[in-house]
Engineer: 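The following block contains the structure, expressed as structure tokens.
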Amino acid sequence: MHDPIAKAKATLISAIEAAYNTAVAKGVLPNFGLGEYTVEIPADTSHGDFATNAALCAARTLKLPPQKIAAALLDNLDLGNSGFSKAEMAGPGFLNFFLSNDYYSDVVRAVLSQKERFGHTDFGRAEKVMVEFVSANPTGPMHLGNARGGALGDCLASILDAAGFAVTREFYINDAGNQIERFALSLEVRFLQELGGDVALPEDCYQGEDITLLAREYIASCGDGIKDADSAERKKALVDFALPKNIANLKRDLLKYRIEFDIWFKESTLHNDGTVAKVLDMLKSRGAVYENDGALWYKATAYGGDKDEVLVRSNGIPTYFAADIAYHYNKFAVRGFDRVINVWGADHHGHVARLKGAMDAIGLDGSKLDIVLMQLVRLMRDGEPVRMSKRTGKAITLTDLLDEIPIDAARFYFNLREPKTHCEFDLDLAVKQSSENPVYYVQYAHARICSILKALRADSIDVDGCLDNADFSLLCSPDEQALIKHISALPGEIISAATEYDPAKITRYTIDLATLFHKFYTNCRVKGCELSLCTARAALCIATRQVIRNCLELLKIDAPETM
RNA sequence: GUCUCCGUAGCUCAGCUGGAUAGAGCGUCCGCCUCCUAAGCGGAAGGCCAGCGGUUCGAAUCCGCUCGGGGACGCCA
């Protein structure tokens with residue numbers, strides 16, 4: 001039982017189709033087919049556990065009132081061993097179905113036996129998927145956008161993995177191009193300034209204090225020997241020293257944020273190994289480029305773009321865009337990914353169509369490239385937007401953020417909303433250890449369960465033998481069934497989060513799970529009730545704890561035993 | 001100007017591949033611990049789903065326009 005909800009829906013659809021065929025055979029309904037309809041889980045449980053609008057949808061083709069069709073379907077419905085106990089007609093012609101007790105027992109049993117694998121499916125058929133995210137500029141520290149992108153990309157990768165894809169997490173290091181030139185120049189100026197030189201830092205250079213510190217570190221460990229070398233040599237020495245340090249810092253900070261990449265891919269390799277030149281040749285041979293003002297232009301407009309783009313500047317240096325085409329050529333053609341997902345800030349949205357188009361232009365399939373555009377975050381404190389770090393006066397960095405708020409809260413918060421929504425990050429709320437902060441609400445449910453189980457063990461109740469000994473059919477109160485039904489939705493929820501690239505589905509699922517558990521906790525006592533019921537409820541507690549853990553594992557958030 | 005995201009309770013947001021009475025948290029008010037963690041649960045109040053039109057049995061959901069807000073439109077990355 002990989003996905004109980006999907007299985008139940010499939011069962012219902014075949015039962016409905018069978019009922020229709022029987023009704024047709026009896027001459028009760030015309031033989032035009034039911035057409036398209038849906039089976040859904042109604043918001044209101046009095047409308048059953050599942051409901052279908054089949055009769056409403058078929059009303060036109062069958063030229064009969066919906067209620068008459070629904071009645072005919074109901075008359076000929078055979079639920080047999082379907083896991084459903086009854087069906088009824090309601091409203092304008094809905095058919096509502098009610099699950100039997102077996103369904104609930106099966107779900108609890110499945111969780112207890114599948115354990116940390118519950119929720120995982122083979123939906124993705126081990127398709128090779130790359131998730132590229134963060135890819136922060138290595139010339140400096142990461143900012144708030146990287147914090148959201150990091151939490152988002154990392155959880156999306158985990159979710160895809162759970163949904164059965166073969167996932168690679170990748171960080172693209174932009175260690176070439178203009179920004180490295182600027183980095184080099186900034187370092188050089190700071191270096192010379194440290195040695196008393198009278199040079200000013202140009203405005204378009206990196207103004208941060210980190211550059212000065214790097215220059216100082218260089219002098220401390222390598223001396224000032226390059227002072228009199230020519231500028232190009234001096235810059236190279238400084239960059240060769242500073243860039244690896246910055247990259248190491250990125251790794252360190254991301255690790256602190258619980259993100260580990262499988263691959264750190266350097267842009268420079270694409271320039272050095274001829275991939276950039278190769279894709280330029282491919283574009284040339286396909287007639288997708290032209291020359292103008294001494295530069296090489298890509299005919300974006302011929303491939304779905306809104307305006308043409310420069311590939312090679314008139315000074316002979318390829319643009320970032322040229323390198324990006326080469327990079328994605330590498331992802332698809334060289335490394336053979338079936339699908340590539342990039343998590344980008346919304347400020348890159350203009351880049352999406354032309355990169356996809358460029359994939360088509362070099363004979364690859366741009367539709368296999370998906371971009372998750374993430375809107376920027378507004379940091380709030382005391383109801384006011386925070387733009388700058390108090391300490392440095394510069395943009396807020398990931399490290400600044402994690403100094404202030406717990407990692408659990410940050411990761412949870414950034415995955416609370418769909419990537420495309422503009423979101424506010426409330427610093428005051430994130431540090432609050434109260435019910436206002438949803439991450440604690442979820443963790444509290446987990447801690448409560450641990451506490452119950454501890455109390456039961458202290459009473460010598462065989463908590464660990466629940467799977468073998470418990471009579472799950474005793475779990476029949478509304479609170480128990482609501483909890484179990486929600487548990488059974490996890491596999492489908494993970495698949496849906498994976499296909500829609502929306503980790504927020506999982507955080508919200510987890511909050512709802514905690515809510516249902518807290519209700520169960522309030523209304524159904526575990527300790528102290530009759531032994532068989534106590535054992536069954538303990539089993540439900542263990543199953544719930546497992547599901548909370550599985551969800552928090554996807555988000556890489558701690559599941560504390562006590563709070 | 002073109003493209004893009006957003007607009008739902010006082011606040012932050014779900015719901016959006018069309019379905020039954022539009023949901024949650026926070027805030028406000030009122031209840032619930034001799035009993036497994038009250039970081040919890042229950043209840044009340046709070047809505048022109050930005051506006052107008054269209055599509056149809058049915059629209060918060062789909063389409064068009066308008067208004068309001070964020071972002072992008074470099075031989076930057």
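Order of the sequence lines sets the chain letters (A, B, ...), proteins ahead of strands, with each chain counted from 1.
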Engineer: Nearest-Å distance, CD (A/Q67) to P (B/rG19)?
Structural biologist: 19 Å

Engineer: What integer number of Å spans the C1' atoms of B/rC65 and B/rG71?
Structural biologist: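 One C1' to the other, the span is 23 Å.
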
Engineer: Please encode protein proximity along nucleotides 29-34 of chain B as a string of B, S and -, counting only heavy-atom distances under 4.0 Å.
Structural biologist: ------

Engineer: Between P on B/rG74 and CD on A/Q179, what's the gap in Å once rounded to a whole number?
Structural biologist: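 Between P of B/rG74 and CD of A/Q179: 18 Å.
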
Engineer: Would you call A/E493-A/R508 a salt bridge at under 4.0 Å N-O?
Structural biologist: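 No.
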
Engineer: Which nucleotide in the set B/rG40, B/rC73, B/rC36 lies at the smallest distance from any side-chain heavy atom of A/K307?
Structural biologist: B/rC73

Engineer: Would you check, one step at a time, whether the test salt bridge (Lys or Arg N to Asp or Glu O under 4.0 Å) holds for A/K331 with A/E132?
Structural biologist: CA-CA 10 Å; A/K331 288 180 181 180; A/E132 184 220 314; 2.7 Å; yes

Engineer: Whole-Å distance between B/rC73 P and A/Y320 OH?
Structural biologist: 13 Å

Engineer: Please confirm whether the backbone N or O of A/L311 pairs with a side-chain atom of A/T319, one donor and one acceptor, at under 3.5 Å?
Structural biologist: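 At least one qualifying donor-acceptor pair exists.
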
Engineer: Could you tell me whether the phosphate oxygens of B/rA77, OP1 or OP2, come under 4.0 Å of any side-chain nitrogen or oxygen in A/N137?
Structural biologist: no

Engineer: It should be established whether A/R313 places a side-chain nitrogen or oxygen under 4.0 Å from OP1 or OP2 of nucleotide B/rG74.
Structural biologist: no

Engineer: Could you tell me how far apart A/E309 (CD) and B/rA77 (P) are, to the nearest whole angstrom?
Structural biologist: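 Result: 11 Å.
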
Engineer: Do A/S314 and B/rC75 share a donor-acceptor pair, side chain to base, under 3.5 Å?
Structural biologist: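 Yes, a donor-acceptor pair under 3.5 Å.
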
Engineer: Counting heavy atoms from C-beta on, name the nucleotide in B/rG19, B/rC41, B/rC75 closest to the side chain of A/C57.
Structural biologist: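 Nearest nucleotide to the side chain: B/rG19.
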
Engineer: In terms of ring plane angle, is the pair A/F84 and A/F50 parallel, tilted or perpendicular, where the classes change at 30° and 60°?
Structural biologist: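 Perpendicular, since the angle between the ring planes exceeds 60°.
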
Engineer: Would you give a per-nucleotide map of nucleotides 3-8 of chain B, 5' to 3', where B means the base has a protein non-hydrogen atom under 4.0 Å away, S means only the sugar-phosphate does, and - means neither?
Structural biologist: BSBS--

Engineer: Report yes or no: do A/Y441 and A/T515 form a side-chain donor-acceptor pair below 3.5 Å?
Structural biologist: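 Yes, side-chain donor-acceptor contact under 3.5 Å.
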
Engineer: Pairing of RNA chain B as dot-bracket, 5' to 3': ( ) intra-strand, [ ] crossing, | other strand, . unpaired, with Watson-Crick or G-U pairs under 3.5 Å?
Structural biologist: (((((((..((((.....[...)))).(((((.......))))).....(((((..]....))))))))))))....

Engineer: Taking all non-hydrogen atoms of both residues, which atom of A/I449 and which atom of A/C541 are closest, and how far apart?
Structural biologist: CG2-O, 3.4 Å

Engineer: If every non-hydrogen atom of A/A242 is compared with every non-hydrogen atom of A/F183, which pair is closest and at what distance?
Structural biologist: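 Heavy atoms of A/A242 and A/F183 come nearest at CB-CZ, 3.8 Å.
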
Engineer: Could you tell me which residues satisfy ring-ring contact (aromatic ring centres under 6.0 Å, His included) with A/Y521, sequence neighbours excluded, listed by chain and number?
Structural biologist: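 Not a single residue meets the ring-ring contact (aromatic ring centres under 6.0 Å, His included) criterion with A/Y521.
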
Engineer: Does the gap between the ring centers of A/F321 and A/H351 come in under 6.0 Å?
Structural biologist: yes

Engineer: For B/rC6, is chi within 90° of 0 (syn) or not (anti)?
Structural biologist: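 Glycosidic conformation of B/rC6: anti.
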
Engineer: Return the value, rounded to whole Å, for the distance between atom CG of A/L513 and atom C1' of B/rG25.
Structural biologist: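 Rounding to the nearest Å, CG of A/L513 and C1' of B/rG25 are 17 Å apart.
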
Engineer: What's the CG-P distance between A/N53 and B/rG58, to the nearest Å?
Structural biologist: 15 Å

Engineer: Judged by atom type as modelled, is there a donor-acceptor pair below 3.5 Å linking the side chain of A/D502 to the main-chain atoms of A/A497?
Structural biologist: no

Engineer: Counting heavy atoms from C-beta on, name the nucleotide in B/rC75, B/rA77, B/rA39 closest to the side chain of A/N174.
Structural biologist: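 Of the candidates, B/rA77 comes closest.
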
Engineer: Please work out which residues in residues 452-466 of chain A have a non-hydrogen atom less than 4.0 Å from an atom of RNA chain B and list them by number.
Structural biologist: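 Residues of residues 452-466 of chain A under 4.0 Å from RNA chain B: A/I452, A/A455.
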
Engineer: In this structure, how many angstroms lie between the P atom of B/rG58 and the CD atom of A/E40, rounded?
Structural biologist: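 Interatomic distance, CD of A/E40 to P of B/rG58: 19 Å.
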
Engineer: Quick check on contacts: within residues 498-512 of chain A, what sits under 4.0 Å from RNA chain B by heavy-atom distance?
Structural biologist: A/R508

Engineer: How long is the line joining CG of A/D175 and C1' of B/rA77, in whole Å?
Structural biologist: 13 Å

Engineer: Just compare B/rA77, B/rA20, B/rC41 and give me whichever is closest to any side-chain atom of A/T515.
Structural biologist: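 Looking only at side-chain atoms, A/T515 lies closest to B/rC41.
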
Engineer: From C-beta outward on A/H351, which listed nucleotide comes closest to its side chain: B/rG40, B/rA77, B/rA39?
Structural biologist: B/rA77

Engineer: If you find the nucleotide of RNA chain B closest to A/V312 and the one closest to A/R448, which residue's nucleotide is nearer the 5' end?
Structural biologist: A/R448

Engineer: Counting only N and O atoms by type, is there a donor-acceptor contact under 3.5 Å from the side chain of A/N342 to the main-chain atoms of A/W344?
Structural biologist: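 Side chain of A/N342 to backbone of A/W344: no pair is present.
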
Engineer: For this output row, return yes or no: ring centroids of A/F520 and A/F517 closer than 6.0 angstrom.
Structural biologist: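 Yes.
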
Engineer: Are A/D479 and A/S477 close enough that a side-chain donor and a side-chain acceptor fall under 3.5 Å?
Structural biologist: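 Absent: no donor and acceptor within the cut-off.
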
Engineer: Nearest to the side chain of A/R182, which nucleotide is it out of B/rC76, B/rC36, B/rA20?
Structural biologist: B/rC76

Engineer: Taking atom types as they are modelled, is there a donor-acceptor pair under 3.5 Å from the base of B/rG71 to the side chain of A/D347?
Structural biologist: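 No, no donor-acceptor pair under 3.5 Å.
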
Engineer: Should A/Y441 be listed as having a side-chain N or O under 4.0 Å from OP1 or OP2 of B/rC41?
Structural biologist: yes

Engineer: Mapping A/A51 and A/P318 to their closest nucleotides on RNA chain B, which lands nearer the 5' end?
Structural biologist: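 Whichever sits nearer the 5' end wins; that is A/A51.
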
Engineer: Identify whether a stacking contact exists between A/F94 and B/rA20, where the ring centres must be under 5.5 Å apart and the planes under 30° apart.
Structural biologist: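 The ring of A/F94 is stacked on B/rA20.
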
